[in-house]
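Notes for the one structure printed next.
No hydrogens, no waters, no symmetry mates; every other heavy atom, side chains included, goes into these values. Given the structure is predicted, the values throughout are model-derived calculations rather than measurements.
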Amino acid sequence: MATGLIGGYLSIDILEARLTSSFTSSLLNGFYPNSNPATKENIEDKDPIRRVADFKVFSFKIYTDKIFAINKNTGELMDIDRDNNNNTQVIFKTNNLFDIFWPKDESYQVLSRQPANSSFFILKNGVSKDIEIGPIRSVSLDDVNNILLFVKGSDIYSYDINNNQIKEFTKTRLEIETIFSKDKDNIFIKSRGTDGKNNLHKLSTDGKIIKILEREGQTREEITSNKKYLLVAPYDGDTYGNLELINLESGWIKKLDLKTSPDKCAWSELRIICAGPRSEGAGDGFNDIYSIDPKDGKVSVLLKPEGKYLIKKPEVDTKSKDLFFINDFDSYLYKLEGLMNL
């Protein structure tokens, strides 16, 4: 599989957000008040970014008919009404925060205990079941088939949520650091070689391990939900380098003109939506929102909010055409309304 850099750096075309006519005037008034004076009240009324619910959020998942979220202050699993976001109810009560994995089947949730990830709560319709699997190094979820994948030593195991079975998935000789997946056809592992280099591999359906990338230093990775592309970024423990877009079918790697973490990106059918540094170099640490065309890697500015947004865990809702995200600045859940044009 090819791992060479194809193409060079791309220049960012700083564009006005392309909106439907009903949103154009509200964007200009709301996000560019100096160009068209407006009162504070008018700006707030026309701001397309809205806060969802009145509690701080640790993690969330958008489903067809509901929104699930973990209350950051209480650890409770909450159900948020899609039509009336102020209407919420507690589904499951805990006393601590947990890592959570969200299967596509909305009747299930998987919560893992910290810090050793040695046991899990499997929730089905609000009823919990404890699963003890012992200390593990990394865990991921095949959310299509409801299979939990985890690493013990240098081997990978699977836990089938539906039938409560744990079995060996594949053996390796690698020093595995992390595993991540979308489904059984798209399972990736990151390992450290004996030479100290970091390697990124894909597991084939027949158990073969295929090296995709090798490099000095740390990286962060995220697979986009259409399963064709992988986003990677160098990471030195403090800052991120340029995103790299890997086409998993052809093997080409495109270096993008955007420095951000891959987990600040979401797939929206025809493009990738990412949060990144202010496009005009404000240096205040807050985010603008970018659009990436995966066909050629072209990056453009989608939105330049005036508000203070540190965007994490973005997710595009295909039903409402909204972008949901947690604002790390205040820990509330927000949505960017009607601007995706999916």
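Proximity of a side-chain donor or acceptor of D293 to a complementary backbone N or O of K298 within less than 3.5 Å is not detected. Within the 3.5 Å criterion, the main-chain N or O of L123 finds no donor-acceptor partner in the side chain of S128. When atom types are taken as modelled, the side chain of N327 and the backbone of K308 share a donor-acceptor pair closer than 3.5 angstrom. Judged by distance alone, the side chain of S154 and the main-chain N or O of R173 form no donor-acceptor pair under 3.5 Å. Without hydrogens or angle criteria, Q109 side chain to E106 main chain gives a donor-acceptor distance under 3.5 Å. A donor-acceptor pair under 3.5 Å links the side-chain atoms of K321 to the main chain of T318, judged by distance alone.
A266 and P314 get closest at one heavy-atom pair: CB-O, 3.5 Å. Taking every heavy atom of both residues into account, T172 and D155 meet most closely at N-OD1, 3.3 Å. The minimum heavy-atom distance between W102 and S59, with the atom names listed, is NE1-OG, 3.1 Å. Nearest heavy-atom pair across V299 and I292 is CG2-CG1, 4.1 Å. The shortest heavy-atom contact between K319 and D65 is NZ-OD1, 3.7 Å. In plain terms, the two heavy atoms of N164 and Y159 that are nearest each other are OD1-OH, 2.6 Å.
Taking CG of N247 as the reference point, atom NZ of K228 lies at 5.0 Å (rounded to 0.5 Å). Rounding to the nearest 0.5 angstrom, the gap separating the CZ atom in F325 from the NZ atom in K264 is 10.0 Å. The CZ atom of R192 lies 4.5 Å from the CG atom of N198; values are rounded to the nearest 0.5 Å. Interatomic distance, CG of N199 versus CG of L213, reported as 8.5 Å (0.5 Å rounding). Note that OG of S279 and CG of N287 are 11.0 Å apart. Values are rounded to the nearest 0.5 Å. For the atom pair CD1 (I161) and CD1 (I122), the distance works out to 5.0 Å, reported to the nearest 0.5 Å.
The pair K304-D288 does not count as a salt bridge, with every side-chain nitrogen at least 4.0 angstrom from each carboxylate oxygen.
K335 places none of its side-chain heavy atoms less than 4.5 Å from the side chain of P48. Looking at heavy atoms from C-beta onward, T74 lies out of side-chain contact with F58 at the 4.5 angstrom threshold. Residues I289 and C274 have side chains not in contact (no heavy-atom distance under 4.5 Å, counting atoms from C-beta outward). Side-chain contact check for L270 versus P294: every heavy-atom pair is 4.5 Å or farther apart. With a 4.5 Å cut-off on side-chain heavy atoms, F324 and L336 do not count as touching. With contacts defined as side-chain heavy-atom distances shorter than 4.5 Å, the pair K129/K124 does not qualify. Taking the side chain as every heavy atom from C-beta outward, I49 and P305 approach each other to under 4.5 Å.
Between Y63 and F68, the ring centre distance stays below 6.0 Å.
Hydrophobic clustering (side-chain heavy atoms under 4.5 Å, transitive across Ile, Leu, Val, Met, Phe, Trp, Tyr) groups M78 together with V52. At a threshold of 4.5 Å between side-chain heavy atoms, the hydrophobic network of Ile, Leu, Val, Met, Phe, Trp and Tyr places L256 and I272 in one connected group. Both L258 and Y229 are part of a single hydrophobic cluster, where members link through side-chain heavy atoms under 4.5 Å apart. Note on V316 and F60: separate hydrophobic clusters, where clusters join Ile, Leu, Val, Met, Phe, Trp and Tyr whose side-chain heavy atoms are under 4.5 Å apart, directly or indirectly. In the hydrophobic clustering of this structure, Y240 does not group with I246; members are Ile, Leu, Val, Met, Phe, Trp, Tyr whose side-chain heavy atoms approach within less than 4.5 Å, directly or through other members.
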* Test side-chain hydrogen bond (donor to acceptor under 3.5 Å, both in side chains) on K72 and S331 and set out the steps. => CA-CA 8 Å; K72 187 175 182 178; S331 296; 2.9 Å; yes

* To do: Let me see the working for Y332 and I326 under side-chain contact (heavy atoms from CB on, under 4.5 Å), right down to the final yes or no.
  => CA-CA 6 Å; Y332 285 104; I326 296 173; over 6 Å; no

* D142 and S181: CA distance, side-chain angles, deciding distance, side-chain hydrogen bond (donor to acceptor under 3.5 Å, both in side chains) verdict -> CA-CA 6 Å; D142 170 354; S181 65; over 6 Å; no

* Asked: Please walk me through it: do E244 and R215 pass side-chain contact (heavy atoms from CB on, under 4.5 Å)?
  -> CA-CA 13 Å; E244 295 174 38; R215 68 173 41 173; 2.8 Å; yes

* To do: Kindly indicate, with the supporting measurements, whether the criterion side-chain contact (heavy atoms from CB on, under 4.5 Å) is fulfilled by I212 and F188.
  => CA-CA 9 Å; I212 299 175; F188 300 87; 3.6 Å; yes

* From CA spacing to verdict: side-chain contact (heavy atoms from CB on, under 4.5 Å), L248, N186 -> CA-CA 9 Å; L248 296 171; N186 290 276; 4.0 Å; yes

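Across I80, L333, I70, a single residue satisfies side-chain contact (heavy atoms from CB on, under 4.5 Å) together with F55, and that is I80. A ring-ring contact (aromatic ring centres under 6.0 Å, His included) with Y309 is found for one member of F286, Y334, F329 and no other, namely Y334. Evaluated for a side chain to side chain donor-acceptor pair (under 3.5 Å) with S191, the options E177, K197, H201, E175 yield exactly one hit, H201.
Clustering of Ile, Leu, Val, Met, Phe, Trp and Tyr side chains at separations under 4.5 Å places I209 together with I147, L149, V151, I156, F169, L174, I176, I179, I187, I189, L203.
Relative orientation of the F150 and Y157 rings is parallel, given thresholds of 30° and 60° on the angle between their planes.
In this structure, K61 forms no cation-pi arrangement with F101, as its terminal cationic atom is not both closer than 6.0 Å to the ring centre and no more than 45° off the ring axis.
Shown here are the side-chain hydrogen bond (donor to acceptor under 3.5 Å, both in side chains) partners of T88, two or more places apart in sequence or in another chain: there are none.
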